[in-house]
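Worksheet for the structure shown next.
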Amino acid sequence: MMGTLRALVIGAVLTVVTLPLMVVQWVLRKTGSDLAFRLPYLYHRGVACLMGLKIVVTGRPVRGSCLMVANHASWLDIVVLSAVKPLSFIAKGEVGSWPVFGSLARLQRTVFIDRGNRAATGRFSERIRARLAEGDTLVLFAEGTSSDGNRVLPFKSALMGAAEPRQGHEVDDILVQPVTIAYTNLHGLPMGRMRRPSFAWYGDMELVPHLWQALSLGPVDVRVVLHEPIALDRGLDRKALATHCEKAVRHGLVRALGGHAPDDALYPAPDANLNQSGRQNPDHRHMAA
């Protein structure tokens, strides 16, 4: 009963607040106001508070241009990351056609791509590259799909092409930052492998029933680990970038779900603690997962 009441109250408040703010954000976008970059951030911080999401951030967000490369477990990831700093997302094209959620994504300046169209990958990479050159922070969910929240799926390197260094190009000044999102506690108690899929949206789950279930269950503790960023002038190609980001995010998830100290979930940049063969230096305590 309490869970149903909680979901009803949260749903009602979100409906009353979101629709007018969508109009405000549309006007801000049309007028070119700087507030258009801040409003989604402030909105999602309010949503996180309303839903009882306790977000603990380890590490520091990059100031300026950044490609955040994160794991993906739930629609909640959008709320969580948007509450950390002003940013936009890279999403599959079909998201743009979803009722309400598609409009919210467009108002947050989401870059829509067609992951199934390999011939257009270069065009999408250029679009992402242009946004980064403008100083934006973009989030790429590099698994290409969502998981059950207990593991990290293999990262796809295709769209990392936007982050490949190009000699003499201004986008080379941006950074790539691996990001781990871990749903750790429910009502202050460890969530466990069996309970975590209640918040992870994956497979053939229907969105609305899953959203209702998540709203009725909270509050939830979420760990966001902002790993050490990588400068694009390090000479890493997209496959090397994808491999490093996957290792960093997996390391962070294992540590966060295992209850380790927050700083122990951080993963260093590749040139700081890797030898020339690409193997880990054995004396660095954060490298072992």
Side-chain angles (χ1 to χ4, degrees), residues 1-29 35-58 61 68 70-89 91 95 98-110 137 139 141 146 149 179-191 195-202 205-226 256 262:
M1 178 63 183
M2 289 302 297
T4 300
L5 180 60
R6 182 178 190 275
L8 285 171
V9 171
I10 293 175
V13 173
L14 285 177
T15 300
V16 171
V17 171
T18 300
L19 295 179
L21 285 181
M22 290 174 68
V23 176
V24 173
Q25 177 68 359
W26 182 84
V27 173
L28 293 175
R29 286 283 312 278
L35 290 176
F37 295 93
R38 296 281 299 176
L39 184 57
Y41 164 70
L42 298 173
Y43 167 77
H44 284 102
R45 287 185 67 86
V47 172
C49 182
L50 177 65
M51 295 181 63
L53 297 178
K54 181 182 178 182
I55 304 171
V56 178
V57 179
T58 302
M68 287 183 161
N71 61 311
H72 190 26
S74 173
W75 51 269
L76 281 172
D77 299 341
I78 307 299
V79 176
V80 170
L81 291 181
S82 295
V84 171
K85 64 172 294 188
L87 46 75
S88 300
F89 293 88
V95 173
W98 292 358
V100 182
F101 295 101
S103 297
L104 288 171
R106 286 191 294 274
L107 289 171
Q108 199 170 348
R109 302 181 70 233
T110 294
T137 293
V139 177
F141 294 120
S146 52
V179 178
T180 299
I181 309 170
Y183 296 86
T184 57
N185 293 1
L186 177 62
H187 294 285
L189 300 175
M191 193 175 296
R195 188 51 118 173
R196 197 164 289 112
S198 297
F199 297 91
W201 180 53
Y202 63 101
M205 292 181 177
E206 294 187 12
L207 178 58
V208 175
H210 184 269
L211 188 148
W212 180 265
Q213 175 181 254
L215 293 182
S216 65
L217 285 177
V220 179
D221 292 356
V222 189
R223 288 266 299 274
V224 177
V225 185
L226 304 174

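Computed over heavy atoms, backbone and side chain alike; hydrogens, waters and symmetry mates excluded. In this chain, residues are counted from 1 in sequence order.
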Can you give each donor-acceptor pair under 3.5 Å made by side-chain atoms of residues 8-23, sequence neighbours left out, with the distance rounded to 0.1 Å?
unit_1	atom_1	unit_2	atom_2	d
Thr15	OG1	Gly11	O	2.8
Thr18	OG1	Leu14	O	2.6
Thr18	OG1	Tyr43	OH	2.7

Gap separating the OH atom of Tyr183 from the CG atom of Leu53, nearest 0.5 angstrom: 7.5 Å

Heavy-atom closest pair, residues Asn71 and Phe141: O-CD2, 3.4 Å

Which atom of Asn185 lies closest to which atom of Pro190, heavy atoms considered: OD1-CA, 3.6 Å

Val57 vs Leu226 side-chain heavy atoms within contact, under 4.5 Å: yes

Minimum heavy-atom distance between Gln108 and Leu87, given as atom pair plus value: NE2-O, 3.2 Å

Donor-acceptor under 3.5 Å (Arg6 side chain, Met51 main chain): yes

Contact summary for Ser82 and Ile78, nearest pair of heavy atoms: OG-O, 2.8 Å

Side chains of Ile55 and Arg45 in contact at under 4.5 Å (non-hydrogen atoms): no

Value rounded to 0.5 Å, distance of CG in Leu39 from CD in Gln25: 5.0 Å

Side chain to side chain, Leu107 and Trp26, heavy atoms closer than 4.5 Å: yes

Heavy-atom side-chain proximity of Trp98 to Leu104 below 4.5 angstrom: no

Donor-acceptor contact below 3.5 Å, side chain His187 vs main chain Leu217: yes

Contacts of Arg109 that satisfy salt bridge (charged side-chain N to carboxylate O under 4.0 Å, His left out) - sequence neighbours left out: Glu134, Asp136

Residue Lys85 excluded, over 12 heavy atoms near NZ under 6.0 Å: yes

Which atom of Ala83 lies closest to which atom of Tyr41, heavy atoms considered: O-CE1, 3.4 Å

Side-chain (Ser216) to main-chain (Thr4) donor-acceptor, under 3.5 angstrom: no

Pairwise side-chain contact, Arg223 with Pro262, heavy-atom cut-off 4.5 Å (strictly under): yes

Considering all heavy atoms, the nearest Ala91-Thr110 contact: CB-CG2, 3.7 Å

Test item: Phe89 and Leu81 side chains (from C-beta on) under 4.5 Å apart, heavy atoms: yes

